[in-house]
Amino acid sequence: MTTPSTKKNTDTSRLELARRFVSDTGRNLFLTGKAGTGKTTFLRQLQQSCPKRMAIVAPTGIAAINAGGVTIHSFFQLPFGPQVPNHYLPAEEQGPPPSFRFGRPKINLIRSLDILIIDEISMVRADLLDAIDGVLRRFRNRDLPFGGVQLLMIGDLQQLAPVVREQDWALLGKYYKGPFFFQSKVLEQHPPDTIELDHIFRQSDQLFIDVLNQIRENRLSKEGLALLQERYRPDFKPGPGYITLCTHNRQADHINQQHLDALPGRPLTFKASIEGDFPPSSFPNDEKLVLKKGAQVMFIKNDPSPQKRYYNGKIGSITEISPLSISVRCSHPDEVIEVERAQWHNYKYQLNESSNQIDEELIGSYTQMPLKTAWAITIHKSQGLTFEHAVIDARSAFTHGQVYVALSRCRSLEGLVLSTPIDPAAIITDRSVDHFIQSAAENLPGPDRILQFQREYEQQLLLELFGFGQLDRQLSRLHFEITRHQSVVFGTLSDVLNEALLNVRESLLPVALKFEKQLRQLLSLPLAAADHPQLQERIRKAAPWFLQQIQQSLKPLLKDAEFETDNKELRKNIKVRLETIARQTDIHLHTLQAAQKGFSAPAYLAARSAATLQKQMEQLKTTGGKKTTAATGKIQSSQPELYQRLKTWRDNQADEFNLPHYMILQTKTMLELVDKMPETTKELQKIKGLGKQKIARFGSEILEIIATYRSDLKLK
């Protein structure tokens with residue numbers, strides 16, 4: 001038989017396994033556990049100790065505020081409603097790609113993420129998780145699930161399920177087997193590992209724990225059901241400290257209002273103070289809170305003071321009330337608590353440009369009494385709370401997990417009263433959930449597997465550090481784009497790109513391939529990188545050489561090359577390619593610089609996150625004169641001032657006559673005009689791209705621009 005101390009040690013080891021899994025590997029994890037097993041505590045501790053750059057999101061505003069994060073929809077700017085999994089459909093079935101209007105700060109934030117934490121994952125629908133996968137692939141790595149971001153999902157599938165309306169499922173049912181997050185396309189193809197916390201802190205009565213487990217696992221025995229039915233009290237009148245848990249909002253609101261109206265005296269209204277951005281959907285309490293002396297209330301926030309006098313879910317009754325404070329008497333323990341207004345914060349994530357860390361920016365606050373009337377509450381809103389005494393009315397349970405959530409809020413059987421008998425038919429579970437949980441339980445990762453995952457993660461990062469294939473592919477794509485449009489792309493970009501490709505393929509890639517073989521041999525030893533001196537020595541020696549090669553091969557392309565084209569779409573495509581090459585180059589420069597001191601996963605991740613596109617573009621930006629780089633899509637001509645005058649005139653004419661710019665003067669024509677600087681109509685006729693009609697219409701103006709330029713510079 002497992003003793004309490006043994007169970008505590010088992011749970012401690014599982015908590016440590018989960019911590020190591022998140023910190024030391026790159027694999028996705030579903031952290032689950034029965035109600036009251038400390039999942040929220042784990043999240044709090046992880047925020048303090050994990051070296052990875054993280055963002056925390058949740059499916060609802062209240063859940064996000066409680067988790068110290070933001071909502072999924074606001075972080076990823078996703079529309080409400082069903083999301084079609086385009087990425088996982090055949091090309092002929094895909095709809096139009098989603099449009100992402102992310103600013104540069106949000107894109108940089110997404111690109112710097114190491115880990116995304118989703119709290120209350122049981123309420124996240126499959127299509128929403130696929131939409132998250134789509135956004136992360138779009139801005140990071142299209143070929144990796146979640147763009148290569150590690151995913152930590154926290155929740156309990158036996159608790160509340162995702163909300164799916166009939167009209168939504170009419171669309172989603174074509175693509176999904178079910179609505180749960182594990183039925184998403186991305187997780188069906190890339191299943192997460194699962195760690196289940198099994199030590200229950202909320203209850204200590206083993207009989208009650210066993211019954212809850214039976215309900216959770218859809219195997220409630222006759223003896224377990226009989227034990228619960230003994231708590232049925234048809235004539236029970238709830239006394240102080242009891243709260244009724246019911247299935248629908250209207251039931252809870254009706255009970256609370258009835259009891260409040262029955263109290264003598266005039267009510268006091270406490271109006272919330274809202275500053276900055278705090279949407280109504282995330283309000284943790286009523287904006288206008290109506291209370292009376294004698295009202296039964298529940299704390300809805302943990303006491304932030306060192307005394308920790310109250311916690312979220314603690315119940316008491318109001319003994320004194322004034323506009324400034326409320327006195328609440330609680331029976332566990334027997335004490336009177338002076339309650340003042342409390343504050344909730346709304347944050348958004350941003351990338352700190354100076355420290356390259358992901359910071360939480362406070363964007364709004366909500367100040368209100370941390371109390372609400374507590375004669376009744378819905379089962380849905382009770383998730384995460386703990387009650388000493390509760391009356392449960394689950395006769396109208398309508399969805400998966402409701403009965404389990406309600407019963408598991410109570411600390412003990414003695415504090416539990418049923419207003420209606422438990423109907424076994426109301427214990428609704430989902431077979432797909434049962435199957436997923438059973439399969440996950442059989443594959444719990446132990447210390448040896450986590451050590452293996454850690455080595456695999458370090459190998460992945462090292463091969464990424466010294467792997468330049470993706471950079472070569474981007475250079476090749478840019479080369480292809482320019483080659484097939486070579487007649488309309490001018491400047492030095494093509495020549496400089498050819499030189500860069502030659503250097504990468506003849507000097508960099510052959511050495512990188514040989515070094516990769518050496519790395520794989522060294523990594524075949526069953527050692528973590530920190531315990532592998534030979535590996536560390538090779539990395540320290542190799543990093544400076546590769547760093548120098550990257551700088552020599554790509555600096556001319558990103559800093560000095562120039563181009564010009566009249567084709568707006570082509571100009572945009574070339575700039576996007578150059579930005580991608582700049583970003584990848586910056587990642588290599590930062591990470592190789594860090595690797596000169598040896599390799600560790602945290603140091604590598606920090607260097608990779610620091611390599612933001614915005615910083616790289618600022619470093620590569622040239623200053624002075626009229627010269628600009630290929631990154632800006634401009635060109636330096638032999639007479640830049642004359643070229644600019646002709647271009648300005650050309651653009652104005654195009655706007656005036658509502659014509660494309662190239663129909664007035666093509667770039668190659670302007671370059672020839674600058675090079676030859678014709679002085680007569682006869683000389684104009686020798687310029688390619690200037691026919692009789694254009695010379696008749698614009699010739700005199702072009703000659704005047706050139707003559708004025710000659711005069712200004714006193715050219716012969």
Side-chain angles (χ1 to χ4, degrees), residues 11 14-15 18-19 21-22 28-47 54-73 75 115-130 132-133 146 150-164 178-184 186-187 191-202 212-213 215-217 312 379-386 399-402 404-406 408-409 428-430 432-441 444:
D11 191 69
R14 288 196 178 187
L15 283 168
R19 185 200 63 76
F21 195 104
V22 172
N28 298 331
L29 177 67
F30 172 40
L31 181 69
T32 187
K34 305 173 180 67
T37 51
K39 297 183 291 294
T40 301
T41 302
F42 176 83
L43 174 56
R44 295 280 183 271
Q45 293 172 346
L46 191 68
Q47 285 178 277
M54 67 177 64
I56 302 171
V57 297
T60 67
I62 297 298
I65 294 297
N66 289 339
V70 298
T71 65
I72 291 171
H73 287 87
F75 186 84
I115 182 169
L116 175 70
I117 300 174
I118 305 180
D119 198 22
E120 299 292 1
I121 188 65
S122 70
M123 294 191 286
V124 175
R125 223 166 51 186
D127 61 312
L128 185 57
L129 198 65
D130 280 335
I132 293 171
D133 173 57
F146 302 103
Q150 185 182 19
L151 190 67
L152 170 61
M153 299 164 285
I154 301 177
D156 181 5
L157 274 167
Q158 297 292 16
Q159 298 192 39
L160 298 179
V163 176
V164 188
F180 294 97
F181 76 92
F182 61 85
Q183 293 167 315
S184 62
V186 61
L187 291 190
D193 289 278
T194 299
I195 293 179
E196 181 177 3
L197 306 179
D198 60 355
H199 177 71
I200 297 174
F201 298 96
R202 183 174 294 149
L212 290 176
N213 287 340
I215 295 173
R216 175 186 172 85
E217 297 165 9
N312 191 5
I379 295 170
H380 187 276
K381 291 178 181 176
S382 75
Q383 186 158 328
L385 303 181
T386 302
T399 189
H400 165 89
Q402 267 189 319
Y404 173 71
V405 170
S408 62
R409 299 310 95 196
I428 304 168
T429 60
D430 188 286
S432 62
V433 170
D434 296 337
H435 176 74
F436 176 80
I437 291 174
Q438 181 179 354
S439 175
L444 178 70

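Among all heavy-atom pairs drawn from Glu196 and Arg14, the shortest one is O-NH1, 2.5 Å. Across Arg125 and Val163, no two heavy atoms sit closer than the pair NH1-O, 3.4 Å. Considering every non-hydrogen atom in both Pro162 and Pro179, the closest pair reads CG-O, 3.7 Å. Counting all heavy atoms, side chain and backbone alike, Ala126 lies closest to Gly178 at CB-O, 4.0 Å. Smallest separation of non-hydrogen atoms from Ala18 and Leu29: O-CD2, 4.4 Å. The two residues Leu129 and Val124 come nearest to each other via the heavy atoms N-CG1, 4.3 Å.
Counting heavy atoms from C-beta outward, Ser184 and Asp130 have side chains that approach closer than 4.5 Å. Residues Phe180 and Val433 are in side-chain contact: their nearest non-hydrogen atoms beyond the backbone lie under 4.5 Å apart.
A distance of 11.0 Å separates CZ in Phe42 from CD in Gln47, rounded to the nearest 0.5 Å. Here the CG atom belonging to Leu197 is positioned 10.0 Å from the OG1 atom belonging to Thr41, to the nearest 0.5 angstrom. Between Ile117 atom CD1 and Leu43 atom CG the span is 5.5 Å, to the nearest 0.5 Å. Atom CZ of Phe21 is separated from atom CD of Gln150 by 7.0 Å, given to the nearest 0.5 angstrom. Between Leu116 atom CG and Ile56 atom CD1 the span is 9.5 Å, to the nearest 0.5 Å. Here CD1 of Ile121 is found 8.5 Å from CG of Leu128. Values are rounded to the nearest 0.5 Å.
Put simply, the side chain of Asn28 gets close to the backbone of Leu151: a donor and an acceptor are under 3.5 Å apart. Side-chain N or O atoms of Thr32 include one that pairs as donor or acceptor with a backbone N or O of Gly155 at under 3.5 Å. Not a single donor-acceptor pair under 3.5 Å links the side chain of Lys39 to the backbone N or O of Leu31.
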Audit row: Met153, Leu187, side-chain contact (heavy atoms from CB on, under 4.5 Å) steps and yes/no: CA-CA 12 Å; Met153 299 164 285; Leu187 291 190; 3.9 Å; yes
Trace of the side-chain contact (heavy atoms from CB on, under 4.5 Å) decision for Leu15 with Gln45: CA-CA 11 Å; Leu15 283 168; Gln45 293 172 346; 5.8 Å; no
Test log, rule side-chain contact (heavy atoms from CB on, under 4.5 Å), inputs Leu46 and Leu152: CA-CA 11 Å; Leu46 191 68; Leu152 170 61; 3.5 Å; yes
Trace of the side-chain contact (heavy atoms from CB on, under 4.5 Å) decision for Val57 with Ile132: CA-CA 11 Å; Val57 297; Ile132 293 171; 5.5 Å; no
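Note on ring orientation: taking the six-membered ring where Trp is involved, the planes of Phe181 and Phe436 are perpendicular (angle over 60°, cut-offs 30° and 60°).
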